[in-house]
Colleague: 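Would you mind keeping the following structure in view while I ask a few things?
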Amino acid sequence: MAAHAAERQRQRVRAAHRRDSVLRGHADQLHEIAAIEGRTERAEEARTQRARQEACAAQFDSETKEELRRLTGVLRAAATEDPRDVSWFRNALVDDDPPTLDDVVAPPRPEWAQYAPPPPGLFGRRRHERALVTARAELDEALARHDRMLERGLAALMREYEARSNQKRAAHEAEWDRMTAAIDAADADAIGAFAGMVLAASPALHGLLEGGRATYENAGRELVLEIDIPDSDVVPTTSGWKYVAARKAVEPTPRRSADAAEVYAGLVAQLVLAVLDACFRATPARTVDAVSVNGHVRTTNPATGLPDHPCLITVTADRATFEEGLDLLHPKLKPKDCLRKLGAEMSPHPHDLEHIAPIVDFEMAKYRIAHGPEALAQLDHRMDLLAMNPYEFERLVRDLFTKMGYDTWRTESCRDDGIDAVATKSDPHMPVECIVQAKRFKGAVAPKEVQALMGAMTEKPTATHGYLVTTSWLSPRSRQRARGQRIHTIERNQLAAMIKDLLGFDVVISNTPPPGRSRGDDGSRESPGRTAATGRRPRRARPQEPAGEEGAS
């Protein structure tokens, strides 16, 4: 949240003020030393002052290096934390402190002054001794009564405390039982809210994630996160502090801009990997099969002076690849190379906040989650896109592109080159020619279908971009391959929601992911369990052809 950035800035200002105050004190002491008469006294004072300044330099240097160690060790710290799954939250309730004797409301404790007899007279010494014995007995009895009153009061408070604690814990556990049921039922709102709780509960990420939002797409069992990472000013501008004898002063060692940029790029990569790891470890495999993360920064655009929210990194990872193919705690792991292996795209100059296009545009997120498969299945009296003939489906897609602002639609006669149609926009300044590939599939769209569209765009150099419209969903690998190739995708839920929003009627798409299974890139199923012998997940099967019928649109 923005509060983290403000708090971090306040901490830095306080640290700078503290350092300035210390350094001003050093300067004042130097003036005092210069005013002292006598060479021996001045030398002794100078040695004392130097020792004091060297100690301050060592302290400042240690603080700077500790801050840098935290920034470069985020991934390891996060990966060694306990998984923040629903059972962790269910058991994480912190009870209030139990009552003590100080909480019991009771009269003041009896004191000897209340029972002591008056001093004896000239001849009353024996009578005074008997009165002392009686007074001590009465005090002991009063103290015993007071102690019994305290014990009874404390016991009553303990009964109330235990009843209150049991009620609070029962309500807490019931709430998390409901959350668990909602997550198991693939409730998009519950999964999105739970992902936010997982990241907020991580001590390693505290203060480094400054906000964000999440969605969940049922058809692809994909959790999509947009996180706000800190600005480049999170990296200390100094690499250390030292005492300079020639100037008798404590001075900072500036950090080179190239080193600061390298530290910041590494921090961005670590944060994204830590978020992926936290989400995969916290969510059940039967519910979340893939996680997409877009890392944004809330900053001010120096060219305009206006608030800006550029995306610096974007990645999609499936569970099997992330859990089986990575060792995040290996000392030789390089976070940026790890993300590159996952197919991530990072800003070429993250320290300069250079923007890249995210995988999932959250302005289009409403289309991805507007209709889950369960809701669409209830509309069985509506049109089923998978039951349409190819020409009806082509006409429907053509009408959709017309509503999106495209002027003409030309159906290609050849169907084996990855092109179903060409849509254009007549703009004298920037004409648009879009290659459209429509897929009426029941299973996931395999990477080879994306490759076919990429080949068709290569063969048609006038094409500005491509569209892959499918009644199914793209696997993470297929979506990753489409990125960077000027290919936009309209997938199952998004297609149904856009038809409702732009054309004004509901449709059914009668395909759903197999429950309790993980999908490969082609929609094939595999068990998410681990083998008993190795403790690892089974090796992924070779991709097969996607089940379903491709439309002729």
Side-chain angles (χ1 to χ4, degrees), residues 1-4 6-8 10-11 66 70 73-109 143-214 216 223 225 227 271 274-275 277-288 329:
M1 298 180 182
H4 291 305
E7 178 61 24
R8 186 169 63 248
R10 286 194 294 270
Q11 290 176 354
E66 180 60 32
R70 180 178 181 245
V74 169
L75 179 58
R76 174 169 289 275
T80 53
E81 293 175 353
D82 293 333
R84 265 50 177 176
D85 53 14
V86 288
S87 62
W88 185 90
F89 283 98
R90 193 176 188 273
N91 299 325
L93 180 64
V94 178
D95 292 327
D96 298 330
D97 293 333
T100 64
L101 289 175
D102 294 336
D103 299 317
V104 178
V105 178
R109 186 174 180 82
L143 289 173
R145 285 198 305 269
H146 189 269
D147 289 342
R148 289 194 294 271
M149 183 185 303
L150 289 177
E151 291 175 0
R152 289 194 298 269
L154 181 59
L157 290 180
M158 283 298 298
R159 288 192 294 272
E160 295 176 3
Y161 167 78
E162 291 174 358
R164 187 169 59 250
S165 297
N166 292 337
Q167 183 179 6
K168 181 180 177 181
R169 180 163 294 279
H172 174 80
E173 293 177 351
E175 179 182 356
W176 278 101
D177 288 342
R178 289 190 294 270
M179 175 66 80
T180 303
I183 292 174
D184 290 341
D187 182 271
D189 293 335
I191 294 175
F194 178 63
M197 296 178 190
V198 169
L199 300 183
S202 170
L205 300 179
H206 181 71
L208 295 175
L209 295 184
E210 301 176 348
R213 48 185 174 171
Y216 176 74
L223 175 63
L225 300 168
I227 60 173
L271 284 175
V275 168
D277 182 56
C279 291
F280 277 127
R281 291 200 296 158
T283 55
R286 62 184 176 275
T287 304
V288 175
L329 294 176

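These numbers come from the heavy atoms of this one structure, side chains and all, not from hydrogens, waters or symmetry mates. Along the sequence shown, residues carry numbers from 1.
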Colleague: Below 4.0 angstrom, N of the basic side chain to O of the carboxylate: do Arg90 and Asp177 qualify?
Modeller: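 Looking at Arg90 and Asp177, the cut-off is met.
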
Colleague: Might you point out which heavy atoms bring Leu225 and Ala195 nearest each other, and give the distance in Å?
Modeller: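 What the structure gives for the nearest pair is CD2-CB, 3.9 Å.
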
Colleague: Go through the steps to decide whether Arg152 and Val104 satisfy the test side-chain contact (heavy atoms from CB on, under 4.5 Å), and finish with yes or no.
Modeller: CA-CA 9 Å; Arg152 289 194 298 269; Val104 178; over 6 Å; no

Colleague: I'd like to know if the side chain of Arg169 and the backbone of Leu93 have a donor-acceptor N/O pair within less than 3.5 Å.
Modeller: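 Present.
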
Colleague: Quick check: closest heavy atoms across Pro99 and Leu154, and the distance to 0.1 Å?
Modeller: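 For Pro99 and Leu154, the tightest heavy-atom pair comes out as O-CD1, 3.8 Å.
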
Colleague: Can you measure from CG (Asp85) to CG (Asn91) and round to the nearest 0.5 angstrom?
Modeller: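 With rounding to 0.5 Å, CG (Asp85) is 9.0 Å from CG (Asn91).
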
Colleague: Taking all heavy atoms of Leu75 and all of Ala274, pick out the closest pair and write down the distance.
Modeller: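 Nearest pair, atom of Leu75 first, then Ala274: CD1-N, 3.7 Å.
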
Colleague: When rounded to the nearest 0.5 angstrom, what is the spacing between CZ in Arg178 and CD1 in Ile183?
Modeller: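 Arg178 CZ to Ile183 CD1: 13.0 Å, rounded to 0.5 Å.
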
Colleague: Side chains of Met149 and Pro107, heavy atoms from C-beta outward: is any pair under 4.5 Å?
Modeller: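 Sidechains of Pro107 and Met149: in contact.
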
Colleague: Is it true that a side-chain atom of His172 and a backbone atom of Ala92 form a donor plus acceptor pair closer than 3.5 Å?
Modeller: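 No: the side chain of His172 does not pair with the backbone of Ala92.
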
Colleague: For the residue pair Ala201 and Trp88, what are the closest heavy atoms and their distance?
Modeller: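 That closest heavy-atom pairing would be CB-CZ3, 4.1 Å.
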
Colleague: Nearest 0.5 Å please: distance from the CG atom of Leu205 over to the CD atom of Glu81.
Modeller: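 Going from the CG atom of Leu205 to the CD atom of Glu81 covers 6.5 Å.
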
Colleague: Considering non-hydrogen atoms only, spot the tightest contact between Trp176 and Met197 and give its length.
Modeller: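 Of all heavy-atom pairs spanning Trp176 and Met197, the closest is CH2-SD, 3.5 Å.
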
Colleague: So which heavy atom on Ala278 is nearest to which on Val198, and how close?
Modeller: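 In terms of heavy atoms, the two residues are closest at O-CG1, 3.8 Å.
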
Colleague: Should Arg281 and Asp82 count as an ion pair when the cut-off is N to O under 4.0 Å?
Modeller: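 No salt bridge links Arg281 with Asp82.
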
Colleague: Could you tell me the separation between the CG atom of Asp187 and the CZ atom of Phe194, rounded to the nearest 0.5 Å?
Modeller: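 Going from the CG atom of Asp187 to the CZ atom of Phe194 covers 13.5 Å.
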
Colleague: Would you mind reporting whether Leu101 and Glu151 have side-chain heavy atoms less than 4.5 Å apart?
Modeller: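 The answer is no; the side chains never approach within 4.5 Å.
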
Colleague: Set out, in order, the CA-CA distance, both residues' side-chain angles and the distance that settles side-chain contact (heavy atoms from CB on, under 4.5 Å) for Val288 and Cys279, then state yes or no.
Modeller: CA-CA 9 Å; Val288 175; Cys279 291; over 6 Å; no

Colleague: Quick one: do Arg70 and Leu208 satisfy side-chain contact (heavy atoms from CB on, under 4.5 Å)? Show the steps, please.
Modeller: CA-CA 11 Å; Arg70 180 178 181 245; Leu208 295 175; 4.0 Å; yes

Colleague: Got a second to check how far Asp103's CG is from Leu150's CG, nearest 0.5 Å?
Modeller: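 One gets 11.5 Å once the value is rounded to the nearest 0.5 Å.
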
Colleague: Hey, what do you get for OH (Tyr161) to CG (Asp97), rounding to the nearest 0.5 Å?
Modeller: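 Those atoms lie 7.0 Å apart.
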
Colleague: In the structure I gave you, are the side-chain heavy atoms of Val275 and Leu199 within less than 4.5 Å of one another anywhere?
Modeller: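 Yes, close enough: below the 4.5 Å cut-off.
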
